[in-house]
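Computed from a predicted structure; not experimentally measured. In the text below, chain A, chain B and the rest are named by the order of the sequence lines, each starting its count at 1. Both backbone and side-chain heavy atoms feed into the values below; hydrogens, waters and symmetry mates do not.
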2 protein chains.
Amino acid sequence: MATIYQVSELAGVSLATVSRVMNNNARVSEATRNKVLAAMEQLGYRPNSIAQSLASNRSNSVGILVSELHGPFYGEMLSGIENECRAAGKHVIIAAGHSEEASEKDGIEFLISRSCDALILHVEAVSDDYLIKLASGNMPIVLINRFIPRLANNCISLDNELGGYLATKQLLQQGHKQLAYMAGPMWKSDAKERYNGHLRAMTEHGLSFNPALLAEGDFQDSSGSACMQQLLAKGLPFTALVCANDEMAAGAMEVARTHGLNVPYDLSIVGFDNLILARYIYPKLTTIDYPIGEMGRMAARWVLKNIYQQQALQLKNVFEPVLVCRDSASAIAAG
Amino acid sequence: MATIYQVSELAGVSLATVSRVMNNNARVSEATRNKVLAAMEQLGYRPNSIAQSLASNRSNSVGILVSELHGPFYGEMLSGIENECRAAGKHVIIAAGHSEEASEKDGIEFLISRSCDALILHVEAVSDDYLIKLASGNMPIVLINRFIPRLANNCISLDNELGGYLATKQLLQQGHKQLAYMAGPMWKSDAKERYNGHLRAMTEHGLSFNPALLAEGDFQDSSGSACMQQLLAKGLPFTALVCANDEMAAGAMEVARTHGLNVPYDLSIVGFDNLILARYIYPKLTTIDYPIGEMGRMAARWVLKNIYQQQALQLKNVFEPVLVCRDSASAIAAG
DNA sequence: TAGTATTATGTAAGCGCTTTCATTTATAGC
DNA sequence: GCTATAAATGAAAGCGCTTACATAATACTA
């Protein structure tokens with residue numbers, strides 16, 4: 001690989017000048033610039049970004065920590081971030097935190113040691129305090145899918161409460177009166193908020209929520225099945241089910257089917273997230289769209305604006321989910 | 001951030017000694033080592049990996065290029081690679097190539113400029129010649145999901161032909177005699193190979209393939225629908241359909257349903273890839289498992305063995321797909 | 001116990017860039 | 001034509017490490 005030194009020699013200028021034309025951050029005469037560019041071209045020169053980072057203490061790369069690299073959710077998010085960054089000439093360095101505290105911290109330290117210019121974090125296991133402390137250091141961070149009041153400006157989050165509300169309201173407007181709710185793990189704030197939205201919609205429609213029709217799962221497909229079994233076993237009537245996410249909805253739907261229930265005629269189901277699978281399961285799932293790709297882009301824009309001085313960008317911290325109507329929820333059957 | 005210099009000062013030793021205990025690559029007396037470790041601990045020292053990379057020309061990180069960051073396929077692959085690398089203390093730097101030649105080349109150059117120790121590439125648009133040339137340089141590469149004879153040792157691939165064969169054979173053994181085939185884009189080697197496997201199975205069972213029952217799609221779900229329409233429109237009878245991937249199978253299944261065909265009773269369908277969605281669509285898809293996560297791990301192991309001297313590892317270059325029986329294919333109805 | 005082989009540590013020269021500061025060259029003003 | 005100012009370039013000191021190579025300390029041999 002050619003170095004800047006060889007370029008400078010071939011072009012007959014100093015190192016500093018070559019650096020200037022590369023970075024375009026100081027005046028260089030047109031003639032010299034052309035000589036340098038020609039030399040670069042001729043040598044197939046590519047700056048060594050490691051050396052650039054070391055010397056400039058900037059790396060033009062943003063670190064991303066996600067829980068997992070697989071799964072529809074993170075994929076969309078990463079993709080959103082990467083697209084936005086690449087368009088701005090920034091690169092991404094990705095680490096996985098596996099939802100474990102030690103692993104998340106380790107990932108963060110790795111990204112820091114890699115001289116990232118900023119971090120976009122999707123962390124679950126690490127405490128608010130840790131993040132607040134981290135944010136007070138000199139590595140800029142933006143949190144995705146997590147809201148910490150003291151770090152409000154650094155958070156890109158979804159209005160989960162509204163999502164829960166919308167899902168429920170749709171069913172109520174379709175005439176359902178007996179609704180069951182399948183929650184995510186209540187210690188997770190998003191699960192709790194979605195549930196709160198559900199309650200608000202119920203109250204608003206003058207319905208009281210029957211605690212016997214609440215089941216708490218863990219956001220996994222299998223727990224959707226298990227919860228559905230439980231709900232069915234109680235023998236209480238319900239014509240609609242709102243699930244705190246799509247995967248549980250898929251699990252629930254399968255159990256419903258094996259119990260001879262026809263979705264949506266016997267039972268309407270609405271999910272949350274609008275994962276790819278929502279379009280594949282049968283009947284297609286009515287759900288709440290979680291614009292995670294868009295949120296990823298926004299996190300990237302936050303970095304571009306705040307770290308890379310792209311002032312013009314408009315930011316938005318809280319996203320509003322929207323209802324996606326498909327086939328799994330319908331007006332209640334007459335009679 | 002503390003630097004090695006501060007550590008050396010606090011420990012009362014030279015830079016070199018600190019470096020030695022960090023890298024554990026030269027003898028240091030037990031006493032000194034402890035002093036150094038204590039100093040590191042006290043300062044919360046973390047080596048700056050950028051500086052390490054620059055000085056050592058090794059980065060302890062492997063570069064990965066995938067077509068996209070989203071989608072079930074790449075997620076599994078990335079996850080497999082990351083797990084294996086992390087366990088060995090290596091890190092991953094990920095770039096997306098978006099299946100475009102310029103973008104793939106750009107991604108590769110970025111990874112090189114980041115001083116990766118090796119590259120794991122999932123590239124589609126770039127030519128064999130480019131890769132052969134790249135491989136002859138001094139950046140080690142391993143290709144995933146692509147087989148180039150001259151680079152056979154650097155390729156981790158799947159026996160697609162066998163997969164096509166197995167999918168078809170399953171149907172034949174279930175008594176089907178009239179099979180349609182929905183292919184991927186034939187210019188892609190995997191699409192072609194899968195199709196060849198199909199033909200082999202047909203021949204082996206003494207059946208001749210009817211070209212009218214072949215449709216060529218583009219591996220997308222929508223083209224699965226379109227192809228299914230075409231096949232149905234011809235009015236030729238067929239009781240089974242083998243699809244070159246799951247997404248097309250999903251599209252096809254949907255069209256079959258709207259045409260009043262009951263899968264699997266009226267029509268058996270088998271897919272290829274065993275994506276997550278295969279478990280979610282209804283009926284659950286019988287398909288060929290593509291162990292992409294495992295192949296990702298293997299690519300990582302290739303790097304660990306060949307670049308990081310972990311001699312003990314066993315490598316495997318070609319993976320054999322296996323049939324996963326679910327509900328979308330069944331024995332042909334009597335009569 | 002001198003002489004040699006080992007082991008432990010230090011010195012200093014880079015790695016390929018960026019960036020400050022000094023210097024040279026061009027442009028303008030009178 | 002001569003100074004005052006601005007524009008273009010160069011020289012050189014790092015960035016935080018690794019790694020020859022040199023040196024000092026210790027252990028072994030006869």
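Lys35(B) has its NZ atom 10 Å from the C1' atom of dT9(C), to the nearest Å. Between the CZ atom of Arg46(B) and the C1' atom of dG16(D) there is a distance of 16 Å, given to the nearest Å. In this structure, Ile50(B) places its CD1 atom 13 Å from C1' of dC15(C), rounding to the nearest Å. Atoms CZ (Arg27(A)) and C1' (dA6(D)) sit 9 Å apart, rounded to a whole Å. Rounded to whole angstrom, the span from the CD atom of Glu9(B) across to the P atom of dT9(C) amounts to 18 Å. Taking atom CE of residue Met40(A) and atom C1' of nucleotide dC17(C), one finds them 12 Å apart after rounding to whole Å. Between the CG atom of Leu54(B) and the C1' atom of dA13(C) there is a distance of 13 Å, rounded to whole Å.
No hydrogens or angles considered: a donor-acceptor pair under 3.5 Å links the side chains of Ser79(A) and His70(B).
Across all strands shown, Ser53(B) has no heavy atoms under 4.0 Å from either base or sugar-phosphate atoms. The residue Asn57(A) sits apart from the nucleic acid: no heavy atom pair falls under 4.0 Å.
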Which nucleotides of nucleotides 18-24 of chain D have their base under 4.0 Å from a protein heavy atom (B), which only their sugar-phosphate (S), and which neither (-), written as one string 5' to 3'? SBB----

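Heavy atoms from other residues, nucleotides or ligands lying under 6.0 Å from CZ of Arg46(A) number more than 12. Within a 6.0 Å sphere centred on CG of Asn57(A), other residues, nucleotides and ligands contribute 12 heavy atoms or fewer.
For the pair Lys188(B) and Glu124(B), the salt-bridge criterion is met [side-chain N within less than 4.0 Å of a carboxylate O].
Judged by distance alone, with hydrogens and angles left aside, the side-chain atoms of Ser49(A) form no donor-acceptor pair with the main-chain N or O of Gln52(A) at under 3.5 Å.
Look at Thr3(B) and you won't find any side-chain N or O under 4.0 angstrom from OP1 or OP2 of dC15(D). A sub-4.0 Å separation between OP1 or OP2 of dA7(D) and a side-chain N or O of Ser29(A) is absent. OP1 or OP2 of dG14(D) has not a single side-chain nitrogen or oxygen of Tyr5(B) nearer than 4.0 Å.
Ring-plane geometry between Phe110(A) and His91(B) is classed as parallel, the angle between the planes falling under 30 degrees on a 0 to 90 degree scale with a further cut at 60.
When each of Pro47(A) and Glu30(B) is assigned the nucleotide of DNA chain C with its nearest heavy atom, Glu30(B) is the one assigned upstream, toward the 5' end.
Both cation-pi conditions hold for Lys316(A) and Phe319(A): the charged atom is under 6.0 angstrom from the six-membered ring centre and inside a 45 degree cone around its axis.
Across dT9(D), dG10(D), dG10(C), the shortest atom-to-atom separation from the side chain of Val13(B) is found for dG10(C).
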